[in-house]
Peer 1: 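Okay, handing you the structure first.
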Amino acid sequence: MIGFSNMRIFAASVILIFLASAAQAAEIRVMAPGLVGPGLNTLIANWHAKTGNSVVIDAARTVGRIEDAIAAGGTADLVLLPSGELDGLAGKLKPGSRKKIGQLIFGLAVLAGAPHPDIATAEKFRDAIKGKSVAYNDPAIGSLAGKMVDALLKQPAYASVKAVPARTTAGQAVANGMADIAVAMETEEVQVKGIDIVGPVPDGIGLTLDLSGAVLANAAHPDEAAAFLAYFTQPEAAAILKPTGVVIP
């Protein structure tokens, strides 16, 4: 039998081991826009299981708001943004920490059960949306994807298209009957019930975004943040992200 004093020593040892483990675990703060998609939540859960480190997503969830927050000196460990948007934040990033993750896919979606148009080529894509109402994320809320679609639809080739800037998401606008078609990030469309994703917007249209990440210069946990960023390009992570609209090379 274990004596009372030995039991106390054993209990104290367990507590010390627990405290030591807790002390080693880090809480990584990440600024990431909603367009990164639901795969991020799965990666966070897997990373916590592997390392014991937690990941908390900052509340600023559009590209524009994240850029403003970082420019104003906002603190975090890691930022995930379209590659071009990181260029203007170079002075706020830890040198050498930037890493390209993959490509964010734009997709065309329709109401669930509606006919799926052929969008296999740029010409067929243009024909598919002629005379239709097309929803996209409202650029006024800081949506970079919305700004890109808005600029596309202002081109002469799309003069017959009725533009529907959505204050929710483009996919939700279609589900709610506000538009015939949604053109938005697939990472957002996969989360909307009541719509079908027809397929990716074809090459030649000009809707492409690369996703990158970097450790912030003011990071409290730079090593842990860099390790989490490196995890994005592992085969396990790539398999999680691809069905949600993020393609890892």
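Remember, it's a predicted structure, so these values are computed and weren't measured experimentally.
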Peer 1: Is any side-chain heavy atom of Arg98 less than 4.5 Å from a side-chain heavy atom of Ser83?
Peer 2: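 Counting from C-beta outward, Arg98 and Ser83 do come under 4.5 Å.
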
Peer 1: Applying a strict under-4.5 Å side-chain criterion to I, L, V, M, F, W and Y, I'd like to know whether Val183 and Val164 cluster together.
Peer 2: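 The answer is no; the residues belong to distinct hydrophobic clusters.
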
Peer 1: Set out, in order, the CA-CA distance, both residues' side-chain angles and the distance that settles salt bridge (Lys or Arg N to Asp or Glu O under 4.0 Å) for Glu67 and Lys92, then state yes or no.
Peer 2: CA-CA 10 Å; Glu67 289 179 293; Lys92 301 290 185 179; over 6 Å; no

Peer 1: Are the side chain of Thr51 and the backbone of Trp47 linked by a donor-acceptor contact shorter than 3.5 Å?
Peer 2: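 Looks like yes, one N/O pair under 3.5 Å.
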
Peer 1: Are the side chain of Thr187 and the backbone of Leu35 linked by a donor-acceptor contact shorter than 3.5 Å?
Peer 2: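 Present.
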
Peer 1: Could you state the interatomic distance from CD1 (Ile195) to CG (Asn176), rounded to the nearest 0.5 Å?
Peer 2: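 If we round to the nearest 0.5 Å, Ile195:CD1 and Asn176:CG are 10.5 Å apart.
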
Peer 1: Closest heavy-atom contact between Gln191 and Pro38?
Peer 2: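 Distance-wise, the nearest heavy atoms are NE2-CD, 3.4 Å.
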
Peer 1: Val192 and Glu188: which non-hydrogen atoms are nearest, and at how many Å?
Peer 2: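 Looking at all heavy atoms of both residues, the closest pair is CG2-O, 3.6 Å.
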
Peer 1: Please assess Asp127 against Lys130 for the test salt bridge (Lys or Arg N to Asp or Glu O under 4.0 Å), listing each intermediate value before the final yes or no.
Peer 2: CA-CA 5 Å; Asp127 289 342; Lys130 279 182 179 178; 3.4 Å; yes

Peer 1: Nearest 0.5 Å please: distance from the CG atom of Leu211 over to the NZ atom of Lys99.
Peer 2: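 Leu211 CG to Lys99 NZ: 12.5 Å, rounded to 0.5 Å.
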
Peer 1: Are the side chains of Val79 and Leu86 in touch, meaning some heavy atoms are under 4.5 Å apart?
Peer 2: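 Touching, per the 4.5 Å side-chain cut-off.
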
Peer 1: Is it the case that the side chains of Thr75 and Asn218 hold a donor-acceptor pair, with the cut-off being a distance below 3.5 Å and no angle test?
Peer 2: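 The answer is no; no qualifying pair exists.
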
Peer 1: Would you say Leu108 and Val110 make side-chain contact, with heavy atoms under 4.5 Å?
Peer 2: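 Yes - at least one pair of side-chain heavy atoms lies under 4.5 Å apart.
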
Peer 1: Could you tell me the separation between the OG atom of Ser54 and the CD1 atom of Ile44, rounded to the nearest 0.5 Å?
Peer 2: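 One finds 9.5 Å between OG of Ser54 and CD1 of Ile44.
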
Peer 1: Do Ser212 and Leu80 come close enough that some side-chain heavy atom pair is under 4.5 Å?
Peer 2: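 They are not in side-chain contact.
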
Peer 1: Do Ser143 and Thr62 pass the side chain to side chain contact (heavy atoms under 4.5 Å, CB included) test, and can you show the C-alpha distance, the side-chain angles, and the key distance before you say yes or no?
Peer 2: CA-CA 6 Å; Ser143 169; Thr62 67; 5.7 Å; no

Peer 1: Evaluate the side chain to side chain contact (heavy atoms under 4.5 Å, CB included) criterion for residues Val55 and His48: first the C-alpha distance (whole Å), next the side-chain angles of each, then the deciding distance (0.1 Å), finally the verdict.
Peer 2: CA-CA 8 Å; Val55 178; His48 178 68; over 6 Å; no

Peer 1: Strictly distance-based, threshold 3.5 Å: is any side-chain N or O of Asn137 a donor or acceptor partner for the main-chain N or O of Ala170?
Peer 2: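 Yes, because the side chain of Asn137 sits within donor-acceptor range (under 3.5 Å) of the backbone of Ala170.
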
Peer 1: With clusters defined by side-chain heavy atoms of hydrophobic residues (ILVMFWY) lying less than 4.5 Å apart, directly or transitively, does Leu81 cluster with Ile57?
Peer 2: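 Result: yes, single cluster for both.
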
Peer 1: Would Ile101 end up clustered with Tyr231 when hydrophobic side chains under 4.5 Å apart are linked, directly or stepwise?
Peer 2: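 Yes: a chain of side-chain contacts under 4.5 Å links Ile101 to Tyr231.
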
Peer 1: With the side chain counted from C-beta on, respond yes when Lys242 and Ile248 share a heavy-atom pair under 4.5 Å apart, and no when they do not.
Peer 2: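 No, their side chains stay 4.5 Å or more apart.
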
Peer 1: Mark yes or no for whether Asp58, through its side chain, and Val30, through its backbone, hold a donor-acceptor pair below 3.5 Å.
Peer 2: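 No, because the side chain of Asp58 does not come within donor-acceptor range (under 3.5 Å) of the backbone of Val30.
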
Peer 1: Would you say the side chain of Asp138 lies within less than 4.5 Å of the side chain of Arg167, judging by non-hydrogen atoms?
Peer 2: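 A side-chain contact under 4.5 Å exists here.
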
Peer 1: Which atom pair, heavy atoms only, marks the closest approach of Met178 to Ser133?
Peer 2: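 That would be O-OG, 4.4 Å.
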
Peer 1: Out of curiosity, Glu224 CD to Leu229 CG, how far, rounded to the nearest 0.5 Å?
Peer 2: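 With rounding to 0.5 Å, CD (Glu224) is 13.5 Å from CG (Leu229).
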
Peer 1: Distance from Asp210 atom CG to Gln103 atom CD, nearest 0.5 Å?
Peer 2: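 That separation rounds to 6.0 Å.
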
Peer 1: Could you list the residues that satisfy side chain to side chain contact (heavy atoms under 4.5 Å, CB included) with Ile205, not counting sequence neighbours?
Peer 2: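 Side chain to side chain contact (heavy atoms under 4.5 Å, CB included) list for Ile205, sorted by chain: Ala122, Phe125, Arg126, Leu152, Tyr158, Val201, Pro202, Leu207.
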
Peer 1: Determine the minimum heavy-atom distance between Asp196 and Leu111, stating which atoms define it.
Peer 2: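 Heavy-atom minimum between the residues: OD2-O, 4.1 Å.
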
Peer 1: Could you state the interatomic distance from OG1 (Thr244) to CE (Met185), rounded to the nearest 0.5 Å?
Peer 2: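 One gets 10.0 Å once the value is rounded to the nearest 0.5 Å.
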
Peer 1: Do you know which of Asp77, Leu216, Leu78 makes side-chain contact (heavy atoms from CB on, under 4.5 Å) with Arg29?
Peer 2: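 Result for side-chain contact (heavy atoms from CB on, under 4.5 Å) with Arg29: Asp77.
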
Peer 1: Per the side-chain contact (heavy atoms from CB on, under 4.5 Å) rule, which among Asn46, Asn41, Leu40 passes with Ile240?
Peer 2: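 Checked Asn46, Asn41, Leu40 against Ile240; only one passes side-chain contact (heavy atoms from CB on, under 4.5 Å): Asn46.
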
Peer 1: Identify whether Leu104 and Leu89 are in the same connected component of the hydrophobic contact network (ILVMFWY, side-chain heavy atoms under 4.5 Å).
Peer 2: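 Both belong to a single hydrophobic cluster.
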
Peer 1: Which pair of non-hydrogen atoms, one from Val215 and one from Ser97, has the smallest distance, and what is that distance?
Peer 2: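 In this case the closest contact between Val215 and Ser97 is N-OG, 3.1 Å.
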
Peer 1: If Ile, Leu, Val, Met, Phe, Trp and Tyr residues are connected whenever their side-chain heavy atoms lie under 4.5 Å apart, and connections chain through other members, are Leu43 and Val246 in the same group?
Peer 2: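 Leu43 clusters together with Val246.
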
Peer 1: What heavy-atom pair brings Ala26 and His221 nearest, and what distance separates the two atoms?
Peer 2: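 Distance-wise, the nearest heavy atoms are CB-ND1, 3.8 Å.
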
Peer 1: For atom CD of Glu123, decide whether the heavy atoms of other residues, nucleotides or ligands shown that lie under 6.0 angstrom number more than 12.
Peer 2: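 At most 12 heavy atoms, drawn from other residues, nucleotides or ligands, come within 6.0 Å of this atom.
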
Peer 1: Yes or no on side chain to side chain contact (heavy atoms under 4.5 Å, CB included) for Val198 and Ile119, after CA distance, side-chain angles and deciding distance?
Peer 2: CA-CA 8 Å; Val198 176; Ile119 58 170; 4.1 Å; yes

Peer 1: Which is it for Glu189 and Gln172 under the side chain to side chain contact (heavy atoms under 4.5 Å, CB included) test, yes or no, and what are the steps along the way?
Peer 2: CA-CA 8 Å; Glu189 292 175 332; Gln172 194 60 56; over 6 Å; no

Peer 1: With a 4.5 Å heavy-atom cut-off, do Leu144 and Glu85 have their side chains touching?
Peer 2: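 Of all side-chain heavy-atom pairs linking Glu85 with Leu144, at least one is under 4.5 Å.
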
Peer 1: Can you tell me if Asp118 uses its side chain to pair, donor with acceptor, with the backbone of Ala120 under 3.5 Å?
Peer 2: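 Yes, Asp118 side chain to Ala120 backbone: donor-acceptor pair under 3.5 Å.
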
Peer 1: Do Leu209 and Met148 make a side-chain contact, defined as non-hydrogen atoms from C-beta onward lying under 4.5 Å apart?
Peer 2: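 Yes - at least one pair of side-chain heavy atoms lies under 4.5 Å apart.
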
